[in-house]
Amino acid sequence: MPRPITAVIHNEALQHNLSIAKQHMPNSKVFAVVKANAYGHGIEHVYPSFQTADGFALLDIAEARRLRTLGWAGPILLLEGIFSAQDLQDCLDLNLSFTIHSEHQLNWVEQFSRAAHFDVYLKMNSGMNRLGFHPEHYQAAWERLNQLDQIQTITHMMHFSDADNQRFGESGIDYQYTIFEETIRDLPGESTICNSAAILRHPELHSDTVRSGIMLYGSSPDYPIHTAQDWDLQPTMSLRSEIIAIQELKNHDSVGYGSTFIAEHAMKIGIVACGYADGYPRVSPTGTPVLVNSIRSKIIGRISMDMLAVDISHVKDAVVGSEVVLWGKSSNGTILPIDEVAASSGTIGYELMCAVTARVNFINQE
Ligand SMILES: *Cc1c(COP(=O)(O)O)cnc(C)c1O
């Protein structure tokens with residue numbers, strides 16, 4: 001028998017969450033962001049549920065090729081664009097759209113000599129200061145692209161830094177949205193600006209295409225202001241394992257490496273087949289929530305490479321083989337939101353789902 005740790009990918013939840021994105025933005029094309037192997041879910045595992053998306057967005061040409069192999073014939077957008085002039089050949093062969101965020105990329109496209117009709121996304125640096133043309137240089141970049149025979153369409157693109165929250169006590173989006181709209185005012189072409197936080201919090205924004213990522217995977221982009229339940233999002237990944245041993249502790253007994261946990265009374269703990277080599281964060285402290293037989297409990301002591309300990313003193317029917325849910329849904333439907341586990345571990349749901357490692361067995365379920 002394989003080790004009992006499993007990541008269950010929930011097809012209906014993926015479909016449901018995509019429908020929530022569409023409901024918030026009924027007049028926009030909804031692209032499903034599947035970078036980082038679909039936020040750790042596996043592109044092949046989510047693809048059947050996302051076939052009603054208007055397009056896919058990701059970073060790696062290798063991942064784009066997997067989507068084409070699965071049969072996807074619609075738009076695919078490379079969010080960071082090309083990394084070398086040679087990548088343009090793959091974009092041509094695989095019919096990929098790509099972001100142009102830098103002078104380098106613009107030069108490569110200008111020098112591309114083969115016949116092509118690329119759909120490109122010209123990225124503006126509207127304040128995030130990672131990628132994109134500064135507003136002062138944006139129009140000149142657009143004009144250079146607009147002259148090229150190898151360019152078919154140019155979509156205006158930007159990315160919000162604060163759509164999940166307030167910025168310096170003001171709206172998180174206004175400062176970027178205003179400069180973006182002013183800069184593109186006299187230029188033709190569609191635009192794409194919204195990520196999940198903007199889709200959910202600012203459905204009033206105009207974005208011909210939206211790029212929905214984390215919300216599709218059932219994590220709230222603005223937790224703890226809103227929970228996934230507040231946004232009517234369902235967990236799409238359940239990390240489940242089992243108890244493989246039980247220990248009865250006396251007062252003052254310690255648990256795990258470094259003896260970071262010392263019992264203050266007699267208690268019973270379960271040892272779970274899940275550790276940081278499965279992607280569970282080593283930094284998760286004592287008290288981080290888990291479900292044992294669908295009953296809420298907590299992590300005890302330090303996370304090991306292959307194991308962790310949970311308190312089962314109050315879980316009367318816990319035995320070797322009992323189900324433990326690290327995040328997501330138990331087999332009887334009880335939910336432990338990934339955002340709660342992330343918050344306890346000092347991170348966000350994105351990082352937890354992306355970190356699940358290859359040795360975990362992935363399965364799809366309705
Ligand atoms: C990852 C990414 C998104 C999706 O962001 P979420 O917060 O997961 O919705 C959108 N746009 C760009 C450019 C991205 O890199």
Side-chain angles (χ1 to χ4, degrees), residues 13-14 17-25 28-41 43 46 50 53-61 63-64 75-83 96-102 105 119-133 155-165 172-173 176-177 180 190-203 205 207-223 225-228 231 233 235-237 338-339 342 347-355:
L14 291 162
N17 296 341
L18 177 60
S19 76
I20 298 290
K22 292 183 177 189
Q23 280 168 33
H24 274 257
M25 291 292 197
S28 300
K29 287 170 271 190
V30 176
F31 278 21
V33 181
V34 294
K35 63 187 176 188
N37 199 21
Y39 289 52
H41 289 56
I43 286 180
V46 302
F50 287 167
D54 298 297
F56 288 90
L58 41 65
L59 305 176
D60 298 297
I61 289 174
E63 289 188 339
I76 299 179
L77 168 60
L78 300 176
L79 290 166
E80 289 181 349
I82 48 176
F83 300 97
L96 308 180
S97 314
F98 52 91
T99 296
I100 295 179
H101 65 72
S102 71
Q105 292 178 329
D119 294 314
V120 297
Y121 289 67
L122 185 60
K123 187 150 185 189
M124 190 186 305
N125 173 9
S126 57
M128 168 86 101
N129 283 310
R130 294 192 312 192
L131 302 181
F133 291 89
T155 301
H156 308 290
M157 177 175 182
M158 62 152 261
H159 193 53
F160 287 119
S161 55
D162 301 82
D164 58 341
N165 207 341
I173 56 159
Q176 284 180 280
Y177 189 62
F180 178 77
E190 297 191 347
S191 67
T192 177
I193 60 173
C194 293
N195 58 1
S196 295
I199 292 167
L200 292 169
R201 295 174 64 89
H202 300 285
L205 294 180
S207 183
D208 296 291
T209 298
V210 297
R211 311 183 301 268
S212 56
I214 195 68
M215 65 175 295
L216 301 183
Y217 305 100
S219 166
S220 172
D222 64 348
Y223 184 85
I225 302 167
H226 294 94
T227 64
W231 292 124
L233 301 172
T236 58
M237 176 196 282
I338 193 169
D339 297 324
T347 185
I348 52 179
Y350 296 74
E351 191 178 12
L352 294 190
M353 51 181 82
C354 289

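Counting starts at 1 for both ligands and their atoms, following the listed order. Throughout, residue positions are numbered sequentially from 1 according to the sequence presented.
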key: I214, any N or O under 3.5 Å of ligand 1 N or O   = yes
In terms of ring plane angle, is the pair H41 and Y217 parallel, tilted or perpendicular, where the classes change at 30° and 60°? tilted
### Task
Using a 4.5 Å cut-off on heavy atoms from C-beta on, say whether the side chain of E190 contacts that of K29.
yes
Looking only at protein heavy atoms, what sits closest to atom 12 (C) of ligand 1 is H159 CE1, 3.5 Å
Looking only at protein heavy atoms, what sits closest to atom 9 (O) of ligand 1 is S196 OG, 2.5 Å
| task | Decide whether an N or O pair under 3.5 Å exists between G213 and ligand 1. | result | yes
Is there a donor-acceptor pair closer than 3.5 Å between any side-chain N or O of T99 and the backbone N or O of L79? yes
- request: Could you tell me if any non-hydrogen atom of Y217 lies under 4.0 Å from any atom of ligand 1?
  value: no
Between G349 and S219, the two heavy atoms sitting closest are CA-OG, 3.9 Å
Parallel under 30°, tilted from 30 to 60°, perpendicular over 60°: which one fits the rings of F31 and Y121? tilted
Query raised in the report: Would one find an N or O of R211, backbone or side chain, under 3.5 Å from an N or O of ligand 1?
Result: yes
Does a side-chain heavy-atom distance below 4.5 Å link L200 with P221? yes
| Around atom CD of E63, are there more than 12 heavy atoms of other residues, nucleotides or ligands at under 6.0 Å? | yes
the protein heavy atom lying closest to atom 7 (O) of ligand 1 turns out to be Y350 OH, 2.6 Å
for atom 4 (C) of ligand 1, nearest protein heavy atom and its distance come out as Y39 OH, 3.5 Å
among protein heavy atoms, the one nearest atom 2 (C) of ligand 1 is K35 NZ, 2.6 Å
